[in-house]
Amino acid sequence: MFSFIRFTLYCLCLLGPTLALAQATTSPSSRANRVVGETIADHPSLLYRFERHRLDSADGKRHYRIEISIPRASAPDGGYPVLYMLDGNAAMDTLTDNDLAAVSGSNPPVLVAIGYETDVRNDVVARSYDYTPPVYDDNGELIAQPMVRGRVGGGADIFLQFILSQVKPLVRERAVVNPQREYLWGHSYGGLFTLHTLLTRPDAFSRYIAGDPSVWWHGGALMHEWHVFDKGKAAGKRVAFLVSGRSRTARTTLPSDPSPSPANEPAIDSRAAAKEIAEGLRQGGSIVTYEAFPQHGHGDMIRISLERALLIATEP
């Protein structure tokens, strides 16, 4: 028996690095495809009441789950602040009762999770389209279906219009909100969408919170928007950058998704690009914070950046 145990432990030692590598290799995909179980919205709360709504895209191809968490405390003068959270399924799967307690002081925000009608944390196909900006070729012509990692992108403007024309009016019907205190938070592709919104419709929200934004997408298509952006249009805007310790580049592909990046796509250092945007916005008069978390990877940042976003939403 003792020999058998020793043999088993020996085999595990040999397999350990392989198993660890397999887990590291598949973790991004498995995290996105993880089924969301019960969330804070599935249990009564003394601090918040919860609503769930379904909306559809104009073309009927994408189906959204809008979860609105409304404070039970009376609205402050001017209305509640609002935090719009992209990747709503994952955001609701991340939030805890302690998070609600932390923001339920004198200035509690309405929390709006913009997710998809799916049982998993992320609809990777839908978000790839919704969260990524339009792409233009060298002649300034719009690329109809920009493809990265085998998924069509470029629908950010359509998705933004959906938020402005359908989601915001819904929220304003359901709660007394302050339109001057509407904040947008997104992580990864959601962070990319957050910055795209800032650079194209800066007045769509009053504050922007970008968690580890995937600026590398499609050879840094966002950087073309940044280089022609009139920085004065964001003067006075509050923008928070929250980045991980590991930079991501355009040529980085998930092992679970072998689709290559475009052949002519340069390697874009997302962290350096985000820092360039942050510094440029600050010079243009924006109120910018930039925080790096060298001890954390990209996947960790959804929790870290969301936690920060919740606190930002309670600030005066």
Side-chain angles (χ1 to χ4, degrees), residues 83-88 90-91 114 127-136 146 148 153-164 182-244 246-250 252 265-266 268-293 298 301-302 304-306 308-309 312-313:
L83 177 63
Y84 289 88
M85 306 179 296
L86 301 175
D87 284 320
I114 306 174
R127 78 190 290 269
S128 292
Y129 180 76
D130 282 342
Y131 293 179
T132 56
V135 179
Y136 298 86
V148 171
D157 289 341
I158 296 172
F159 182 56
L160 176 57
Q161 187 57 37
F162 163 78
I163 294 175
L164 298 180
E182 295 177 315
Y183 303 156
L184 178 64
W185 165 83
H187 164 260
S188 191
Y189 272 33
L192 174 67
F193 177 83
T194 298
L195 293 180
H196 169 73
T197 301
L198 172 65
L199 298 180
T200 57
R201 301 280 295 273
D203 291 330
F205 296 88
S206 56
R207 191 161 189 175
Y208 295 85
I209 308 162
D212 223 21
S214 296
V215 184
W216 58 264
W217 186 82
H218 209 288
L222 183 84
M223 296 307 290
H224 296 289
E225 296 180 346
W226 166 244
H227 292 147
V228 299
F229 178 64
D230 179 357
K231 300 169 184 59
K233 290 184 176 181
K237 289 289 179 184
R238 293 179 177 268
V239 188
F241 291 82
L242 305 162
V243 299
S244 68
R246 297 179 184 176
S247 189
R248 308 177 77 217
T249 68
T252 300
E265 196 173 51
I268 299 295
D269 184 321
S270 280
R271 187 171 53 178
K275 195 163 189 176
E276 175 187 331
I277 295 173
E279 292 175 351
L281 287 171
R282 186 179 291 114
Q283 293 171 5
S286 299
I287 303 168
V288 178
T289 59
Y290 182 96
E291 294 181 75
F293 299 83
H298 182 70
M301 289 303 298
I302 184 170
I304 293 168
S305 63
L306 180 53
R308 284 282 203 277
I312 288 172

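Everything quoted here is computed from the prediction, not taken from an experiment.
Within a 6.0 Å radius of NZ in Lys231, more than 12 heavy atoms belonging to other residues, nucleotides or ligands are found.
Here the CD1 atom belonging to Ile302 is positioned 7.0 Å from the CG atom belonging to Leu306, to the nearest 0.5 angstrom. Here the straight-line distance linking atom CG of Leu199 with atom CD1 of Ile277 works out to 6.0 Å at 0.5 Å rounding. With rounding to the nearest 0.5 Å, the separation of CD in Glu182 from OH in Tyr208 is 10.0 Å. Note that CG of Asp212 is 8.0 Å distant from OG of Ser305, once rounded to the nearest 0.5 Å. The line from CZ of Arg282 to OG1 of Thr289 is 8.0 Å long, rounded to the nearest 0.5 Å. Remark: Ile163 CD1 to Asp130 CG distance equals 8.0 Å, nearest 0.5 Å.
Under the 3.5 Å distance criterion, the side-chain polar atoms of His227 are matched with a main-chain donor or acceptor of Met223. A donor-acceptor contact shorter than 3.5 Å links the side chain of Thr197 to the backbone of Phe193. With hydrogens and angles ignored, the 3.5 Å screen pairs no side-chain donor or acceptor of Tyr131 with any backbone N or O of Thr194. Formation of a donor-acceptor pair under 3.5 Å by the Asp269 side chain with backbone atoms of Ala272 is found in this model.
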Q: Give the intermediate values and the outcome of side chain to side chain contact (heavy atoms under 4.5 Å, CB included) for residues Leu83 and Leu184.
A: CA-CA 6 Å; Leu83 177 63; Leu184 178 64; over 6 Å; no
Q: Evaluate the criterion side chain to side chain donor-acceptor pair (under 3.5 Å) for residue pair Ser188 and His298; output intermediate values, then yes/no.
A: CA-CA 8 Å; Ser188 191; His298 182 70; 2.9 Å; yes
(Q) One pair to check against side chain to side chain contact (heavy atoms under 4.5 Å, CB included): Thr200 and Glu225. What are the steps and the verdict? (A) CA-CA 8 Å; Thr200 57; Glu225 296 180 346; 4.2 Å; yes
Q.
Assess the residue pair Lys275 and Tyr290 against the criterion (side chain to side chain contact (heavy atoms under 4.5 Å, CB included)); give the C-alpha distance rounded to whole Å, side-chain angles, the decisive distance to 0.1 Å, and a yes or no.
A. CA-CA 8 Å; Lys275 195 163 189 176; Tyr290 182 96; 3.8 Å; yes
Q: Start with the C-alpha gap between Trp216 and Leu222, add the side-chain angles, then the distance that decides, and say whether side chain to side chain contact (heavy atoms under 4.5 Å, CB included) holds.
A: CA-CA 8 Å; Trp216 58 264; Leu222 183 84; over 6 Å; no
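The two atoms that bring Val243 and Pro213 nearest to each other are CG1-CD, 4.4 Å, heavy atoms only. Ala234 and Leu198 get closest at one heavy-atom pair: CB-CD1, 4.2 Å. When all heavy atoms of Met301 and Ser244 are compared, the closest pair comes out as CG-CB, 3.5 Å. Between Ile312 and Ala240, the closest heavy-atom pair is CD1-CB, 3.9 Å. Between Thr132 and Gly153 the shortest heavy-atom distance is OG1-CA, 3.2 Å. Of all heavy-atom pairs between Ala235 and Gly284, the closest is CB-O, 3.6 Å.
Phe162 and Phe159 have parallel rings, their planes meeting at less than 30° on a 0 to 90° scale where 60° marks the start of perpendicular. Between Trp217 and Tyr189, the ring planes are perpendicular. Angles over 60° get that label, and only those under 30° would be called parallel.
No side-chain heavy atom of His187 sits under 4.5 Å from any side-chain heavy atom of Leu242.
Checking each of Tyr183, Trp185, Tyr84 against Phe205 for a ring-ring contact (aromatic ring centres under 6.0 Å, His included) leaves exactly one that passes, namely Tyr84.
Salt bridge Lys237/Asp203: present, at least one basic N to carboxylate O contact under 4.0 Å.
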